[in-house]
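Convention: sequence-line order gives letters A, B, ...; per-chain numbering from 1. Keep in mind that what you see is a predicted model, and the values were worked out from it rather than measured.
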Amino acid sequence: MNLADPSRLLPARVRDYLHELVIGRTHPLVLSFAPGWRLLGVAGDGAFHGLHGEDPTPLAAELRDLFTGLATDRDQSLPFVELGGSRPVHVHLVAGADRFHVLLLDAEDERQRQQVQQQLGNEAALAGLAQSRAIGQLKEIRGALERQHASLEEANAFKGALIATLSHEFRTPLTSIFGYLHLLERRHPEDGGLGELQAIRRNATYLFALAENLLEYARGESGAVPLDPARTELAVLVEDLEAMFRPLAEDKGLAFEVGLAAGSAPTAVLDGVRLRQVAINLVSNAVRYTHQGSVRARFDCDGSRLRLRVVDTGIGISEEFQASVFQPFNRGAQAGSKGAGLGLSIVRRLVAQMRGQLRLGSRIGEGSCFEVELPVEPGGGEPAAAAAHPGGRWCRGADVLVVDDDPDIAQLLEALLVDLGCRVRIAHDGAAALAEAARQPPDLLLIDVQLPGLSGNAAVFQLRARGYRGRIVTLSASATATAREAALHAGADHYLTKPLDIDAFLGVMERALRE
Amino acid sequence: MTAPSHKLCLLGDFGVGKTSLVARFVRSTFSERYLTTVGVKVDSKLVERGQLGPAKLVIWDIAGRDALDALGMNYLRGASALLLVADGTRESSLASALDLLMQSRSIVPRAVAAMAVNKLDLVDEWEVGPAVLMEIRRSLPVFETSALSGDGVEAAFADLAARLPA
């Protein structure tokens, strides 16, 4: 068997077939060169390669360029070569002793097949890249949104904290204003300046309500405070509303009536602080938006539900605004509105927190009727607040140590207490209070919580730890249950919040000194 | 006297714009259509080089790849100049171009080389940062190019041509 040249063993017909197959598919063209790229001759399918009997010199020059830098004395193979935009060819350099041949074989079909495959592969890779880039961008966008969301939450929390702090800060000066108003009204009831005093009270009351609403609003933003149900004296609430709003209503020439329905239970077990805020907001709103006629508020408790109905003959709310009137900072719902637009949104929130219902009926120019229905817990409980008490019936000559760093408040408390027959000593910080109490233990210590240096609670704790057995009343601008518990835990007997309700203050003082 | 011929090879990953750079440089054309190159496309252009005299660049546009195989090595033989091409919007293509340069040194150790970072028209989408290019410039001339607008293309080829012997 001749293995060196197996084609010789092939049948002649097969050899011819193969020859036709290869020649037919590759259209070979051979250019023969002498060393130095001198063209010796051309053979093969010139027409297929674009020669058409033309001068082969340009093609020879292109081939010479193609082999720039390459040796011509050994065989070489360059597959898939496109020369100046022509059809792709496989280029073979076949070296000989005194000449070399450059063989061109058509590669178009093969190139096309490979290109389709490569094109698909490359495009898929590029698409994958674009996809992963788009996913990356989406992740970045999501990250940016999350950061923005976090910063908005932070800004919102800051806003809530700012509102809470500001409204909290309002309480101290308001305590001064209400306290001195009380003194002025008490000392000079017949004074010709009473109208001016009423104007101050009216505006201070509004400022107080506003501060309370802002505080409630901020509290709502940071999460609702748990309900604090206690037996609430409805008569006390009625009296407070009377005292707060009758002067304002009468100033405007309105008929004003607040009361308990006939047959109503005198007390209700529910969150008294929230009920008070609801009532104050509704009555305040009614008085503000009624310019003639009347404002009437009525409580009715049947032991399981408490109903509050506030009816006015004011400007009314158009139907289209009756839903939006409960949105915060909505000032457009009631014509001529001058409020902050918080009151009704807070009423709605408080009623919802108390699992109650709120209804509104109103006609433009005829007036409005707000109805609140709240569930009441069965059973009794401690009254939430001390009953209003006329001052002046308690121990004269009692020794009271007042501790407050605000000189206006200290002076006011001193004036109120002296006015009612107490002997008063003043200290402006916790350390001074400890020293003063050690020198001469007072019958009663009235101390502010927020003092410079040693806090009021810390001073109370130390006093108790040193054996002080007198009564302690803590005064604070914070109305939260936590603050109250902290003060009582430190050793206080009573806890009062600013701004001071004078009657409540007097009641607590008497009880404390009597105990 | 005929101008000396020099073989210049373009190397780079697929889709970075090698064929487009050649089309811009040789024929002043540009096509948006991406058509992958199979094998090699050979073009030539006579360039003027001032006192050095003209040179004929025989430009081998070699099919894109991120590493040189035997075929790629074969195409590279005899090259006097290398233009490494990267796509500014694909940072990985820059690493591929540098890898190809390292590999090609075993075949053409003395070939002059430059880097074309292509697709300058899409500079807003570039992943390749200026600091990286500044670092590469310490060892290799770098040209920011756009085959679409033609920016930097002549300069890249001219730089290589100027470093080729007369």
Side-chain angles (χ1 to χ4, degrees), chain A residues 36-37 58-59 61-72 74-93 102 104-130 132-134 136-137 140, chain B residues 2-9 13-17 19 22-23 26-27 29 33-46 55-66 70-72 74-81 87 89-93 107-108 110-111 125-127 164:
Chain A
W37 289 92
L59 176 59
E62 278 189 300
L63 293 173
R64 186 187 61 207
D65 286 343
L66 177 68
F67 283 90
T68 299
L70 297 175
T72 55
R74 59 186 172 91
D75 293 352
Q76 307 216 30
S77 167
L78 298 171
F80 298 109
V81 176
E82 284 180 50
L83 285 168
S86 62
R87 288 173 71 90
V89 288
H90 296 311
V91 182
H92 299 266
L93 190 144
V102 178
L104 306 183
L105 301 174
D106 184 57
E108 177 64 19
D109 291 346
E110 208 178 333
R111 201 278 311 253
Q112 275 188 5
R113 278 197 303 277
Q114 286 211 12
Q115 188 173 39
V116 167
Q117 283 181 349
Q118 282 189 25
Q119 184 87 17
L120 285 174
N122 290 355
E123 282 179 350
L126 289 172
L129 198 70
S132 64
R133 197 174 289 158
Q137 282 171 343
E140 268 179 34
Chain B
T2 53
S5 291
H6 296 283
K7 179 174 175 178
L8 184 157
C9 289
D13 213 339
F14 67 87
V16 296
T19 305
V22 175
V26 176
R27 294 181 288 280
T29 58
R33 189 176 168 218
Y34 169 57
L35 205 60
T36 188
T37 302
V38 175
V40 61
K41 289 179 178 174
V42 182
D43 272 293
S44 63
K45 183 171 177 173
L46 198 67
K56 187 175 190 179
L57 297 181
V58 180
I59 302 165
W60 286 50
D61 168 22
I62 300 173
R65 64 200 66 215
D66 56 8
L71 183 59
N74 194 29
Y75 286 141
L76 214 53
R77 289 181 204 288
S80 313
D87 172 355
T89 67
R90 269 157 66 197
E91 196 161 27
S92 63
S93 70
I107 307 289
V108 284
R110 283 187 294 278
E125 299 169 25
W126 273 32
E127 292 178 350
L164 293 169

Examine whether an atom of A:S86 lies under 4.5 Å from a heavy atom of chain B, and if so say whether it belongs to the side chain, the backbone or both; otherwise answer neither.
neither
Are A:R133 and B:E125 close enough, and set up right, to give a salt bridge (Lys or Arg N to Asp or Glu O under 4.0 Å), and what steps lead you there?
CA-CA 10 Å; A:R133 197 174 289 158; B:E125 299 169 25; 5.2 Å; no
Ranked by heavy-atom pairs below 4.5 Å to chain A, first place among B:S92, B:G39, B:G15 goes to B:G39
So, the part of A:R64 with a heavy atom under 4.5 Å from chain B: the answer is neither
Which atoms of B:L71 come close to chain A, meaning under 4.5 Å heavy atom to heavy atom: side chain ones, backbone ones, both, or neither?
side chain
CD of A:E82 to CH2 of B:W60: how many Å apart, nearest 0.5 Å?
13.0 Å
Take A:E62 and B:V42 through the test side-chain contact (heavy atoms from CB on, under 4.5 Å) and record every step on the way to the result.
CA-CA 9 Å; A:E62 278 189 300; B:V42 182; over 6 Å; no
Short side-chain to backbone donor-acceptor contact, A:D65 and B:S5, under 3.5 Å
no
Spatial distance of atom NZ (B:K41) from atom CG (A:L83) [nearest 0.5 Å]
12.5 Å
Side chain, backbone, both or neither of B:T37 within contact of chain A (heavy atoms, under 4.5 Å):
backbone
Rounded distance [0.5 Å steps], CG in A:L126 versus OH in B:Y34
5.5 Å
Could you grab the distance from atom CD of A:Q117 to atom OG1 of B:T36, nearest 0.5 Å is fine?
11.5 Å
By a 4.5 Å heavy-atom criterion (distance strictly below it), what part of B:V58 contacts chain A: side chain, backbone, both, or neither?
side chain
Does some side-chain heavy atom of A:F80 sit less than 4.5 Å from a side-chain heavy atom of B:V40?
no
What's the separation between atom CG in B:L57 and atom OG1 in A:T68, rounded to the nearest 0.5 Å?
10.5 Å
Side chain, backbone, both or neither: which part of A:L129 has an atom under 4.5 Å from a heavy atom of chain B?
side chain
Segment of B:R90 engaging chain A (4.5 angstrom heavy-atom cut-off):
both
